Amino acid sequence: DELEDLAHEVRSRVLGSEDVTGQALDLDARLTNLRALEVELRELLTEVRTQPGASPENLLAVFDRISQTRGEIERFEAQRDALAELVELATVTVQLTPSDAAKPLANPWSPTEIGRQAARTLVSALQTLVSGLIWLAVAIVPLLALAALVVGSVWAARRRWRRRPAATAAPPEPHRPPSDPLGGDT
């Protein structure tokens with residue numbers, strides 16, 4: 001209720017409870033019965049000890065049953081104590097949402113924010129530039145070198161091809177003076 005008095009608007013309120021009275025009464029009844037059984041078992045242990053010729057097996061059987069009963073008593077006492085703590089504890093969960101009046105007004109011009117934006121833009125531009133240089137060094141320059149090697153090889157082969165003499169042409173004959181058709185030497 002005090003928290004609601006502080007609120008501008010309460011959107012929801014959930015209250016929950018669980019009645020543990022029945023569980024507590026049940027545990028108390030079980031504890032009463034177990035304690036009475038423990039008392040009777042201790043009396044039986046005393047009788048078995050005082051009997052002449054009591055066997056160790058009988059003593060151990062009664063002692064084990066007392067031990068089991070004591071364990072159940074301690075377990076039920078722990079459950080009862082946990083229920084008592086649940087009754088004493090309560091959980092309050094509050095979810096706060098600021099109202100429009102609590103929100104700061106936006107300043108349309110902020111030199112500090114403009115400086116931050118400019119610095120972010122500069123860093124982004126430098127990152128883009130460095131990324132481009134890395135691409136240039138890793139991918140583009142090797143491709144250009146490979147293309148230059150291929151073009152140079154083709155150009156050199158073509159040049160050799162053009163300078164090579166034709167294999168099918170007959171070699172030129174040596175120069176002879178014209179001979180006289182009448183059979184004489186001139």
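Not measured: the values here are computed from a predicted model.
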Return the CG to CZ distance between Leu25 and Arg30, rounded to the nearest 0.5 Å. 12.5 Å
Hydrophobic clusters join Ile, Leu, Val, Met, Phe, Trp and Tyr when side-chain heavy atoms are under 4.5 Å apart, directly or via other members; which others share one with Ile134? Val130, Val138
Over all heavy atoms of both residues, which pair between Pro142 and Leu136 is shortest? Give the atoms and the distance, please. CD-O, 4.3 Å
With no hydrogens and no angle check, is any side-chain donor or acceptor of Ser67 less than 3.5 Å from a backbone partner on Phe63? no
Closest non-hydrogen atoms of Leu34 and Thr69, given as atom of the first, atom of the second and distance, are O-CG2, 3.5 Å
Might you confirm whether atom CZ of Arg120 has over 12 heavy atoms from other residues, nucleotides or ligands at distances under 6.0 Å? yes
What residues form a side chain to side chain donor-acceptor pair (under 3.5 Å) with Glu77, not counting sequence neighbours? Arg35
Identify whether Phe76 and Leu83 are in the same connected component of the hydrophobic contact network (ILVMFWY, side-chain heavy atoms under 4.5 Å). yes
Side-chain contact, heavy-atom cut-off 4.5 Å: Asn33 with Leu37? no
Side chains of Arg70 and Ile73 in contact at under 4.5 Å (non-hydrogen atoms): yes
Can you tell me how far CD of Gln117 sits from OG1 of Thr112, rounded to the nearest 0.5 angstrom? 11.0 Å
Does any pair with a residue in residues 48-61 pass side-chain hydrogen bond (donor to acceptor under 3.5 Å, both in side chains), and if so which ones, sequence neighbours excluded? Ser55-Asn58
Provide the closest heavy-atom pair for Arg80 versus Leu27 in the form atom of the first, atom of the second, distance. N-CD1, 3.6 Å
With distance as the sole test, does Thr128 use its side chain to make a donor-acceptor pair with the main-chain N or O of Ser124 at under 3.5 Å? yes
Do Leu59 and Leu41 belong to the same hydrophobic cluster, where Ile, Leu, Val, Met, Phe, Trp and Tyr are linked whenever their side-chain heavy atoms lie under 4.5 Å apart, directly or via other members? yes
